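Data first, discussion second: the structure below is written as structure tokens.
None of the values given here were measured: they were computed from a predicted structure.
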Amino acid sequence: MSQDSHHAHDHDHGAHHEIEMPHASMRDYAIGFVLSVILTAIPFWLVMARPLDAGITAALIIGLAVIQIVVHMVYFLHMTPKAEDGWSMTTLVFTIIVVGIMLAGSLWVMHHLNTNMMPMPHDVRQLP
């Protein structure tokens, strides 16, 4: 076996693929941090000052929480469509769909259990 063929043989078996991770700059981390602080301070102020109706406040807090999740995924977890050839985003979408199905199914079952339960009189005593 010649020296060249021995080198080529080692190179083929020793080859491994490295996953290229997106590099974030300090500027990206600073932007993510500032957005996270703002997205935390606004709901805190909404609850403490109570400038709006409770239902509107709850809807705003949920909306801001979803925005904060996206900020964390983009600025801290570096989840972009280009990262890992899009597999991280595909996995995220699949996870969101499965969790959505589970939540909707659980709420549907609990609602139907609640509506179809027989009413219990309040003065029924437990037997020992």
If I take atom [atom1] from residue [X] and atom [atom2] from residue [Y], how far apart are they, to the nearest 0.5 angstrom?
X	Y	atom1	atom2	answer
Glu84	Thr90	CD	OG1	10.5 Å
Leu113	Trp108	CG	CH2	9.5 Å
Leu64	Ile38	CG	CD1	11.0 Å
Ile42	Gln68	CD1	CD	10.0 Å

Using a 4.5 Å cut-off on heavy atoms from C-beta on, say whether the side chain of Ser25 contacts that of Asp28.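 Yes; the side chains approach each other to less than 4.5 Å.
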
Less than 4.5 Å apart, any side-chain heavy atom of Met73 and any of Ile69? yes

Would you kindly confirm whether [X] and [Y] end up in one hydrophobic cluster when ILVMFWY residues are joined by side chain heavy atoms under 4.5 Å apart?
X	Y	answer
Ile67	Trp45	yes
Val66	Val47	no
Val71	Leu60	yes
Ile96	Leu77	yes
Leu39	Val70	yes

Val37 and Phe33: side chain to side chain contact (heavy atoms under 4.5 Å, CB included), yes or no, with the steps? CA-CA 6 Å; Val37 169; Phe33 176 73; 3.7 Å; yes

Atom of [X], atom of [Y] and distance for their closest heavy-atom approach:
X	Y	answer
Ser36	His72	OG-NE2, 3.3 Å
Ser88	Ala83	OG-O, 3.7 Å
Met79	Met89	O-SD, 4.0 Å

Take His111 and Leu107 through the side chain to side chain contact (heavy atoms under 4.5 Å, CB included) test and state the conclusion after the steps. CA-CA 6 Å; His111 171 73; Leu107 291 172; over 6 Å; no

For atom CZ of Phe76, is the number of surrounding heavy atoms from other residues, nucleotides or ligands below 6.0 Å larger than 12? yes

